[in-house]
Amino acid sequence: MTKWANTETWLDNIQTIGKRSISIMQSMAKGDANSPLHGLKFVLALGFSYKELLWQCFYQLGQDAQGKAAIRAFHQDIKRLTKFTKAAMLGRQAQSMFAIAKEDKRFKNPAWRESWWHRCTLQAYLMLSHHLQHFTEIIPLTGRDKQQINFCVDLLLETLCPNNSLLTNPEALRYTRQEKGLNLLKGMNYFLEDFERWQGHINLSKTNFNAFTVGKNLATSPGKVIYRNEVIELIFYQSSTLKQYTTPILLITSWINKFYILDLREKNSLVRWLNQQGFAVFCISWINPDASHQDLGLETFVHLGIVQAISTIKNTLGCEQVHALGYCLGGTLLAISASLMQKQRLHGLASLTFVATLVDFAEGGGIGNLMGPKQLAVYEKTLAQDHLWDGHKMQIGFNLTNSNHFIWPFMQRRYLLGKPPIAVDSIHWGLDLANTSEAMYRFYTNDLHRDNTLMTAGALKVGGVAIDISQIKVPVCCVGFEEDTISPWQTAYGLAQMHKGQFILGNGTHITGLVTPASLPKAKHWAGQAKQHQAKTWLDSQTKTSGSWWQPWQQWLSHKEHHQEHYLINYHGCKTLASAPGDYVISP
């Protein structure tokens with residue numbers, strides 16, 4: 001229990017708040033390169049980019065009979081809420097106007113049912129949610145405009161949730177009384193610390209950064225860097241079994257993140273697990289670019305990245321083919337590279353696995369809502385100034401795709417309760433930000449999101465070679481995750497349909513689904529051949545099975561393989577440029 005007499009802790013927090021505030025103001029006044037002012041300007045510009053669309057939405061709402069009826073219904077419910085509030089204040093039993101959705105876990109605290117103040121607050125919030133969502137349904141907009149309006153309204157409602165405010169969060173009120181307000185001082189300190197750390201961008205320190213160090217307790221699988229160029233380091237992990245599969249696996253993550261999501265800790269490392277199954281594993285670790293790398297674009301990442309990695313693996317092991325797995329945008333880049341290799345008759349791919357991968361960016365998940373013309377204009381202005389897309393800005397997009405998961409629970413714990421973050425390895429990885437070169441970010445926003453070039457044969461060219469991912473002839477397996485808001489599993493299923501491949505649906509989010517070890521008790525999956533009907537129909541026809549998606553994927557691979565004793569006897573003869581996890585992954 002905190003006591004009023006414990007003035008030392010109070011004074012320490014107050015002094016720290018003062019010092020941090022002065023430091024931030026001085027940095028903003030000087031216009032330092034890392035000043036929070038730059039990030040704040042970007043966030044505000046991104047917010048204002050939706051102004052015209054929102055104004056158009058409100059204007060159209062009152063232009064027809066249906067919209068006017070919806071507004072009248074809203075006014076009627078305000079009157080009903082007033083009566084409900086009066087009755088609740090007087091201690092009378094009042095019938096709730098709106099019920100909490102079964103899937104909504106935000107209002108478990110008994111105070112939402114027992115306290116008149118919280119009951120009234122909750123009813124006001126549920127009423128607003130009901131009507132705003134109804135407004136978005138009847139507004140005569142289509143396509144991306146409709147998606148963006150839904151996105152804006154959902155984000156607004158997630159922001160206005162009563163749990164996000166001290167005065168309406170029952171747990172925060174109880175804890176503040178218990179701590180006699182000390183938690184609020186700690187929370188202010190944490191807020192200022194985050195404002196400095198993330199340079200004014202919308203982000204929080206969601207984990208204890210001191211708990212993890214790459215190479216010490218993250219990314220510790222024994223391996224070595226056997227090749228390096230200006231784009232990649234190629235890391236080789238030898239299998240740990242007497243008999244090995246004769247075809248190695250190449251793992252490719254997105255260039256906007258660091259590779260070690262595949263090798264977090266021993267208990268959830270996909271790299272280590274594959275080694276234990278008898279596979280030799282190679283990982284691409286991408287360079288973390290700065291402004292001097294502004295011209296590193298798609299052609300460089302394809303040729304010096306994936307194609308070069310496959311060639312190096314074949315030469316190192318003397319094998320003819322490689323299994324390749326691409327995660328997120330790493331899968332998108334893999335699909336482009338596979339098409340290019342096929343056009344150029346560069347044989348070397350035994351199979352392709354796409355995990356949480358988009359190729360149809362018309363259904364670009366939550367990130368697609370940040371890719372309208374107005375938003376792209378904001379990004380273009382930023383790129384022209386910085387010649388780099390820094391990881392802070394990319395993190396904003398991920399946070400906004402599902403703020404109920406990525407922002408508000410952490411904000412409540414850190415700023416309202418004043419509690420330090422817990423140590424979570426996957427969250428640490430998500431906050432270990434990586435940059436994107438100017439040329440590569442333009443490819444991401446313009447070619448993928450704006451023009452959706454991968455869905456039109458020949459619309460995208462790499463070094464003059466027309467890309468057509470529909471004509472890839474290699475066996476394909478696609479993996480999606482139930483709660484993925486970044487790469488919705490239904491879209492990932494469409495890629496499996498395109499190639500009549502295997503599809504596996506695992507549980508979890510874009511990140512937690514990937515790192516679902518075989519030993520996890522709650523893991524489940526559905527697996528089967530993709531059919532020419534809708535994703536939901538496919539799911540309804542499958543049987544839910546306990547266990548991680550790792551297992552059916554490994555079974556799918558093993559059907560194409562055979563074992564050979566001491567196949568990797570030449571591992572120790574490979575040249576070693578550095579021990580795993582290499583140098584690129586720890587570069588700032």
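Numbers for residues simply follow the sequence, beginning at 1. Computed from a prediction, not measured in an experiment: that's the story for all the values here.
- Here the side chains of Tyr327 and Asn257 are not in contact, with every heavy-atom distance at 4.5 Å or above.
- Pairing each heavy atom of Ile396 with each of His201, the nearest pair is CD1-CD2, 3.7 Å.
- The local environment of CD in Gln63 is crowded, with over 12 non-hydrogen atoms from other residues, nucleotides or ligands closer than 6.0 Å.
- Atom CD1 in Ile149 sits 4.0 Å away from atom CG in Leu53 (nearest 0.5 Å).
- Scanning both residues, Leu358 and Ile486, for their nearest heavy atoms gives CD1-O, 3.7 Å.
- Between the side chain of Thr168 and the backbone N or O of Asn164 there is no donor-acceptor pair closer than 3.5 Å.
- Taking a 6.0 Å sphere around CH2 of Trp408, one finds it holds more than 12 heavy atoms contributed by other residues, nucleotides or ligands.
- At least one donor-acceptor pair under 3.5 Å links the side chain of Ser487 to the backbone N or O of Ala356.
- Counting only heavy atoms from C-beta outward, the side chains of Ser205 and Arg414 approach each other to under 4.5 Å.
- No side-chain heavy atom of Phe135 sits under 4.5 Å from any side-chain heavy atom of Gln60.
- Side-chain contact between Leu264 and Ser426 is present, with heavy atoms from C-beta onward closer than 4.5 Å.
- Relative ring orientation between Tyr441 and Trp389 is described as parallel, the plane-to-plane angle staying below 30° on a 0-90° scale split at 30° and 60°.
- Between the Gln123 side chain and the Phe98 main chain, a donor and an acceptor come within less than 3.5 Å of each other.
- Annotation: Phe209, atom CZ; neighbour count of heavy atoms from other residues, nucleotides and ligands within 6.0 Å is above 12.
- At distances below 3.5 Å, at least one donor-acceptor pair connects side-chain atoms of Asn435 with backbone N or O atoms of Gly391.
- Here the side chain of Asn163 pairs a donor or acceptor atom with the backbone of Arg106 at under 3.5 angstrom.
- Annotation for Gly480 and Ala492: closest pair CA-CB, 4.5 Å, computed over non-hydrogen atoms.
- With hydrogens and angles left out, the side-chain atoms of Glu171 and Gln412 include no donor and acceptor closer than 3.5 Å.
- Between Tyr493 and Phe503, the ring planes lie perpendicular to each other; the angle is over 60°, past the 30° to 60° tilted range.
- Atom CE of Met188 has 12 or fewer neighbouring heavy atoms from other residues, nucleotides or ligands inside a 6.0 Å radius.
- By the neighbour-count criterion of 12 heavy atoms within 6.0 Å, atom NZ of Lys146 is densely surrounded, having more than that number from other residues, nucleotides or ligands.
- For the pair Leu155/Phe151, a side-chain contact is recorded, criterion being any heavy-atom separation below 4.5 Å from C-beta on.
- Surrounding CD of Gln56 are more than 12 heavy atoms belonging to other residues, nucleotides or ligands, all under 6.0 Å away.
- When all heavy atoms of His118 and Trp112 are compared, the pair lying nearest together is O-CE3, 3.3 Å.
- The aromatic rings of Phe195 and Phe191 lie parallel to each other, with less than 30° between the two planes, well short of the 60° mark.
- Shown here for Tyr50 and Asn369, the closest heavy-atom pair between the two residues is OH-O, 2.9 Å.
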